[in-house]
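Note sheet for the following structure.
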Amino acid sequence: MTFDLVAHDPQSKARAGVVHTAHGAIQTPIFMPVGTAGTVKAVQQRDLKDDIKAQIILGNTYHLYLRPGLDVLRAAGGLHKFNGWDRPILTDSGGYQVYSLSGTRKIKEEGVKFRSHIDGSQHLFSPEGVMDIQRTIGADIMMAFDECTPWPCEYDYAARSLDMTHRWLKRCIERFDSTEGHYGYDQTLFPIVQGSTFKDLRIKSAEFIAEQGREGNAIGGLSVGEPADMMYEMTELVCDILPKDKPRYLMGVGTPANILENIALGVDMFDCVMPTRNARNGMLFTTQGIINITNKKWQLDLEPLDRELGGYVSTFYSRSYVRHLFQSQEMLGPQIASIHNLSFYLWLVQQAREQIIAGTFRDWKDKMVKQVMTRL
């Protein structure tokens, strides 16, 4: 994997670039739709390509390992062939799922023992095992196995967790570098900066991760409940340390405003379940602001969901009709809303890229943060 920087915004730390992978190029800044179990919920691959214009999607090691399982993925020739997505894929290592399974897992130096949320069966995730699983899944970008600390957490816990995450990273790198992909194309490994919201730990982690010299780097453990200002402070701190010639991926972030503000701090890649999860509850992000489509005020509104956004779904279906679908509990409602929201997120980062290249990002960002977060 390689990364080319195309432009820098003169009034912020925002940059535009291109990530080159075995399954195609990714223009940054980019938002990556989350396809946890091998599918972006309620969205077909054709819609991901043609309407949403996604350039890369995510899969999740924990969920894919449990179901459909490695035997199925290996027989299919990897996740790309299994789900029919021929563009880049990134896999989360399962560290966040381990964090969320706090009641049914035990973290030790060896790795993490946990019970499946499906049938209660016991499993072990070690750094080496997670590398092997991601090799079998076949993602273009694999994430290191880490512990995502909760917020708030005690300093001593965050420090111990960070040291273990760094030891795990060395084991991930050793296994990754001593193995090859199964399907005839190159994969790459991203380490993850941790350290909760403690400045000294974040600096220590960012410096350690930078020293590893991998093709890209990630920032984890944010957007887990801490105030937005604290997230921005930690992100800026880390971005100033991580190599400028490598892509930076802020994991699990976030709202449209979060994405724009973090682009301004030097982040290149984002993912979040928010656009699809909120879509299933009737929250639509638009170029003019946020719509709760279930509200009665949209009952007679026959305007398209978002005329300015473009794309089939956003310009074909009216607000009144989509409200009716939600009121009737028709499956088509959440499907339309999911495609629309993802289209908006991809539009937003594409607009950001164009503004960075034009040198006008900062002023545009300040205006857009207010506009897209306005409740309509």
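Quantities reported herein were computed from a predicted structural model and do not represent experimental measurements. In what follows, residues are counted from 1 in the order of the sequence shown.
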Could you tell me whether the side chain of [Y] reaches within less than 4.5 Å of the side chain of [X], counting heavy atoms only?
X: S93; Y: Q134; result: yes
X: Y155; Y: L201; result: yes
X: R87; Y: I56; result: no
X: L73; Y: K81; result: no
X: I141; Y: Q187; result: no
X: I173; Y: L169; result: yes
X: V43; Y: L342; result: yes

Do other residues, nucleotides or ligands put more than 12 heavy atoms under 6.0 Å from the [atom1] atom of [X]?
X: E354; atom1: CD; answer: yes
X: E154; atom1: CD; answer: no
X: K49; atom1: NZ; answer: yes
X: E174; atom1: CD; answer: no
X: E110; atom1: CD; answer: no
X: K13; atom1: NZ; answer: yes
X: D186; atom1: CG; answer: no
X: R167; atom1: CZ; answer: yes

Are the side chain of [X] and the backbone of [Y] linked by a donor-acceptor contact shorter than 3.5 Å?
X: S205; Y: R202; result: no
X: S161; Y: Y157; result: no
X: W298; Y: V322; result: no
X: Q122; Y: F114; result: no

At their closest point, which heavy atom of [X] faces which heavy atom of [Y], and how far apart are they?
X: L242; Y: R248; result: O-NH2, 3.4 Å
X: L64; Y: G38; result: CD2-N, 3.7 Å
X: D92; Y: L90; result: N-CD2, 4.0 Å
X: I107; Y: W168; result: CG2-CH2, 3.9 Å
X: A158; Y: T149; result: CA-CG2, 4.4 Å
X: M231; Y: E226; result: CB-OE2, 3.4 Å

If only side-chain N and O atoms count, and only distance matters, is there a donor-acceptor pair under 3.5 Å linking [Y] with [X]?
X: N258; Y: Y232; result: yes
X: Q55; Y: Q27; result: no
X: D51; Y: S343; result: no
X: R135; Y: T179; result: yes
X: Q350; Y: K53; result: no
X: T165; Y: E147; result: no
X: H80; Y: D140; result: yes

Ring centroid separation for [X] and [Y], is it under 6.0 angstrom?
X: H123; Y: Y65; result: yes
X: F3; Y: H20; result: no
X: H324; Y: Y317; result: no
X: F270; Y: F31; result: no

**Request:** Begin from the C-alpha positions of D268 and R15 and carry the test salt bridge (charged side-chain N to carboxylate O under 4.0 Å, His left out) through to its verdict.
**Result:** CA-CA 7 Å; D268 307 295; R15 66 256 195 95; 2.8 Å; yes
If two hydrophobic side chains count as joined below 4.5 Å and joins carry through other members, does [X] share a cluster with [Y]?
X: Y321; Y: L309; value: yes
X: F198; Y: L162; value: yes
X: Y183; Y: M1; value: no
X: F316; Y: L305; value: yes
X: I219; Y: F190; value: yes

task = Kindly determine whether S320 and D301 satisfy side-chain hydrogen bond (donor to acceptor under 3.5 Å, both in side chains), including the steps that lead there.
result = CA-CA 5 Å; S320 175; D301 192 331; over 6 Å; no
message = Assess the residue pair S314 and H340 against the criterion (side-chain hydrogen bond (donor to acceptor under 3.5 Å, both in side chains)); give the C-alpha distance rounded to whole Å, side-chain angles, the decisive distance to 0.1 Å, and a yes or no.
response = CA-CA 6 Å; S314 304; H340 166 82; 2.8 Å; yes
task = Take H23 and I89 through the test side chain to side chain contact (heavy atoms under 4.5 Å, CB included) and record every step on the way to the result.
result = CA-CA 8 Å; H23 285 93; I89 294 176; over 6 Å; no
Practice prompt. Check the pair L250, T235 against side chain to side chain contact (heavy atoms under 4.5 Å, CB included), reporting the backbone distance first and the verdict last.
Written response: CA-CA 8 Å; L250 181 57; T235 299; 4.0 Å; yes
Check the pair I263, K365 against side chain to side chain contact (heavy atoms under 4.5 Å, CB included), reporting the backbone distance first and the verdict last. CA-CA 9 Å; I263 288 173; K365 183 268 294 182; over 6 Å; no
task = Verify salt bridge (charged side-chain N to carboxylate O under 4.0 Å, His left out) between R160 and D163, making sure each step is shown before the conclusion.
result = CA-CA 5 Å; R160 290 195 305 272; D163 288 342; over 6 Å; no
Of T360, D363, D9, the one forming a side-chain hydrogen bond (donor to acceptor under 3.5 Å, both in side chains) with Q355 is T360
Dump the intermediate steps for side-chain hydrogen bond (donor to acceptor under 3.5 Å, both in side chains) on D47 and Y312, then the final yes or no. CA-CA 9 Å; D47 295 323; Y312 172 73; over 6 Å; no
Think R280 forms a cation-pi with F326, using NZ or CZ under 6.0 Å from the six-ring centre and within 45 degrees of its axis? no
One pair to check against salt bridge (charged side-chain N to carboxylate O under 4.0 Å, His left out): E128 and R171. What are the steps and the verdict? CA-CA 6 Å; E128 295 82 4; R171 290 165 60 188; 2.8 Å; yes
- Could you label the plane-to-plane angle of the F344 and F285 rings as parallel, tilted or perpendicular, counting under 30° as parallel and over 60° as perpendicular? parallel
Original post:
Would you call the rings of Y62 and F125 parallel, tilted or perpendicular, where under 30° means parallel and over 60° means perpendicular?
Top reply: perpendicular
query: With a 4.0 Å cut-off, would you call K204 and D200 a salt bridge?
result: no
- I291 vs K297, side chain to side chain contact (heavy atoms under 4.5 Å, CB included): CA-CA, chis, key distance, verdict: CA-CA 10 Å; I291 290 174; K297 68 183 291 185; over 6 Å; no
